Amino acid sequence: MRLLFEKSIPGRKSAYLPPCDVPQAELPEALRRKIPLGLPELSEGDVARHYSALEMRTFGVNDGFYPLGSCTMKYNPAINETVAALPGFADIHPLAGDRHTQGMLEAIHLAERYFCELSGMDAMSFQPSAGAQGELLGMMLIKKYHEDRGDAARRNVFIPDSAHGTNPATVGMCGWKVVNLPSNAEGRIDVEKLRALAGPETAGIMLTNPNTLGIFEKDVVEVTKIVHEAGGLCYYDGANLNPIAGVAKPGEMGFDCVHLNLHKTFSTPHGGGGPGSGPVGCKAFLAQYLPGLRPQKIAGGYEARATRAARSLHLFHGNALVYLRALVYVATLGADGLLEMSSQATLNANYLMKRLRERFEIVNKGRCMHEFVITMEKEAKKGVSAKDMAKAFLDNGMMAPTMYFPLIVKEALMVEPTETEGKETLDEVADTFIRLYDALLADPESARDYPRNTVIGRPDEVEAARNPRLRYLG
Ligand SMILES: *Cc1c(COP(=O)(O)O)cnc(C)c1O
């Protein structure tokens with residue numbers, strides 16, 4: 001595909017302005033550019049076709065099934081976009097005063113109330129732009145808490161071996177030490193092991209529940225109690241809230257601090273490195289450490305008040321239009337709708353898991369929550385790896401599941417259908433899984449050929465990640 005610059009035709013235009021009817025003013029010589037700007041010259045139609053062609057090369061939730069486990073790629077309802085595009089929200093200047101931004105401040109205040117209610121927290125900051133940034137803020141709150149109490153010897157943070165890689169990375173960035181918590185045979189935290197390890201050096205624990213195997217940590221109250229009794233605090237990684245939103249609250253499980261992935265559970269667009277939102281909620285005793293501006297209700301309106309924390313993670317109020325979409329989503333569903341959402345997410349995952357058990361080895365022994373994990377360990381020995389399977393999906397109208405995660409499962413494929421898929425889609429997808437499985441195992445040589453119909457086939461992924469050569473090859 002040619003670049004806009006290569007398609008450029010000198011003199012072609014896409015703006016048609018009436019002839020100038022006022023005296024032309026010349027720019028001072030010093031301000032004039034010495035070399036031409038070099039923008040492509042094209043008609044509006046040429047540009048529209050170019051971007052439509054690019055759009056057709058991508059794949060998103062509006063194109064087909066997108067079962068990216070742990071990442072919750074769900075449909076983003078159009079009403080979210082309509083509200084976020086209202087000029088009263090979309091066109092606010094970040095420096096506009098409170099008097100001119102009352103509606104936005106009210107929305108942020110309402111978002112704080114709703115998401116605190118859902119997570120069982122007392123206060124929330126919407127500054128973090130992603131889950132990973134939320135984790136960092138959350139752990140910094142915990143660190144500040146220990147420091148202010150003169151308890152600086154606490155340096156160890158428990159993280160289960162099934163955790164997302166951002167958890168240990170966050171602990172590392174705080175200058176703390178990760179203490180790995182092994183899972184037991186059921187894929188849950190080994191509580192006795194935790195009890196034996198907790199002590200005066202325990203700073204806290206980072207946990208997601210359900211964990212990344214899609215299994216609910218049923219001993220979670222005991223887990224948080226053990227950490228608290230040792231003097232540590234409990235951090236909840238909220239990326240897996242989809243099956244429990246409206247059902248259970250991290251605050252009631254004993255967590256002191258959470259981040260929510262609004263771009264996962266709460267339907268806002270997600271992917272491609274675009275803006276996200278990972279707000280951090282905490283119990284009242286940590287609220288003094290939250291950064292940035294937080295709208296407060298005052299007589300006759302709202303006021304954006306700076307908190308006492310010295311540092312900020314993000315300018316102003318964070319990615320406001322992202323969490324505004326999440327607020328619209330929650331307000332549209334209401335409490336009953338959220339309960340239906342999480343129940344349906346769990347039902348869909350269990351339905352698909354049951355159908356796939358016909359062929360695949362599934363790590364979850366009993367029922368799962370919103371996602372489940374397949375292992376292709378046996379098949380890999382016959383020449384068909386999880387990666388081969390994943391690549392074959394790309395030619396069949398769907399996105400691949402998450403591959404090779406969680407790390408404790410060999411040849412993992414992690415499948416999360418989400419609640420917005422209907423039964424017909426789930427059946428069609430199950431048929432595709434089984435058909436491709438049979439085809440690849442019947443002819444393992446052919447497994448290396450996929451995908452055949454995408455723009456890029458199989459890049460050298462290690463080379464692409466470690467040594468990217470970001471240039472255009474024509
Ligand atoms: C996605 C995810 C994160 C990180 O969130 P980002 O918004 O991608 O930074 C953390 N933990 C888990 C379990 C996740 O799935």
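Fair warning: this is a prediction, and the values are worked out from it, not measured in the lab. All ligand and atom numbering here is 1-based and tracks the order in the structure.
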> Among protein heavy atoms, which sits nearest to atom 5 (O) of ligand 1, and what does the distance come to when rounded to 0.1 Å?
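It is N261 ND2, 3.0 Å.
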> Centres of the F126 and H314 rings: under 6.0 Å?
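No.
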> Counting only heavy atoms, tell me which of K264, E135, H259 gets closest to atom 1 (C) of ligand 1.
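The residue whose heavy atom sits nearest atom 1 (C) of ligand 1 is K264.
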> Can you tell me if Q133 has a non-hydrogen atom under 4.0 Å from ligand 1?
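It does not; every heavy atom stays at 4.0 Å or beyond.
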> Check for a donor-acceptor pair, side chain of D190 on one end and backbone N or O of K193 on the other, with a separation under 3.5 Å.
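Between the backbone of K193 and the side chain of D190 there is a qualifying donor-acceptor contact (under 3.5 Å).
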> Take N167 and T170, measure what side chain to side chain donor-acceptor pair (under 3.5 Å) needs, and give me the verdict at the end.
CA-CA 5 Å; N167 294 181; T170 299; 5.6 Å; no
> Start with the C-alpha gap between T72 and N261, add the side-chain angles, then the distance that decides, and say whether side chain to side chain donor-acceptor pair (under 3.5 Å) holds.
CA-CA 9 Å; T72 312; N261 281 69; over 6 Å; no
> For ligand 1, note which part of A239 has a heavy atom under 4.0 Å away: side chain, backbone, both or neither.
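Side chain only.
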> Run the side chain to side chain donor-acceptor pair (under 3.5 Å) test on N319 and S277 for me, step by step, so that the C-alpha distance in whole Å, both residues' side-chain angles and the decisive distance to 0.1 Å come before the verdict.
CA-CA 6 Å; N319 286 330; S277 182; over 6 Å; no
> Check each atom of ligand 1 against the heavy atoms of S70 and keep those under 4.0 Å away; list them by number with element.
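Listed by number with element, the hits are 13 (C), 14 (C), 15 (O).
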> Only heavy atoms of A130, strictly under 4.0 Å: list the atoms of ligand 1 that pass.
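Taking each heavy atom of A130 in turn, ligand 1 has 7 (O), 9 (O) under 4.0 Å.
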> Is it true that N242 and E419 share a donor-acceptor pair across their side chains at a distance under 3.5 Å?
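Present: a donor and an acceptor within the cut-off.
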> Any nitrogen or oxygen of H263 lying under 3.5 Å from a nitrogen or oxygen in ligand 1? Just yes or no.
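It does: an N or O of H263 is found under 3.5 Å from an N or O of ligand 1.
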> What's the shortest distance from atom 11 (N) of ligand 1 to any protein heavy atom, and which residue and atom give it?
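Protein heavy atom with the smallest distance to atom 11 (N) of ligand 1: D237 OD2, 2.5 Å.
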> Parallel, tilted or perpendicular: which fits the ring planes of F266 and Y329, with parallel below 30° and perpendicular above 60°?
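Aromatic pair F266/Y329 classed perpendicular.
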> Only heavy atoms of A132, strictly under 4.0 Å: list the atoms of ligand 1 that pass.
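Heavy-atom distances to A132 below 4.0 Å select 4 (C), 5 (O), 6 (P), 9 (O).
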> Distance to 0.1 Å, residue and atom name: give those for the protein heavy atom nearest to atom 6 (P) of ligand 1.
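Ranked first by proximity to atom 6 (P) of ligand 1 is G131 N, 3.4 Å.
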> So if I count the atoms of ligand 1 from 1 in the order they appear, which ones are less than 4.0 Å from some heavy atom of T166?
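The atoms of ligand 1 under 4.0 Å from a heavy atom of T166 are 3 (C), 4 (C), 10 (C), 11 (N).
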> Establish, yes or no, whether a centroid distance under 6.0 Å links the rings of F285 and Y145.
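Close enough - the centres of the two rings lie under 6.0 Å apart.
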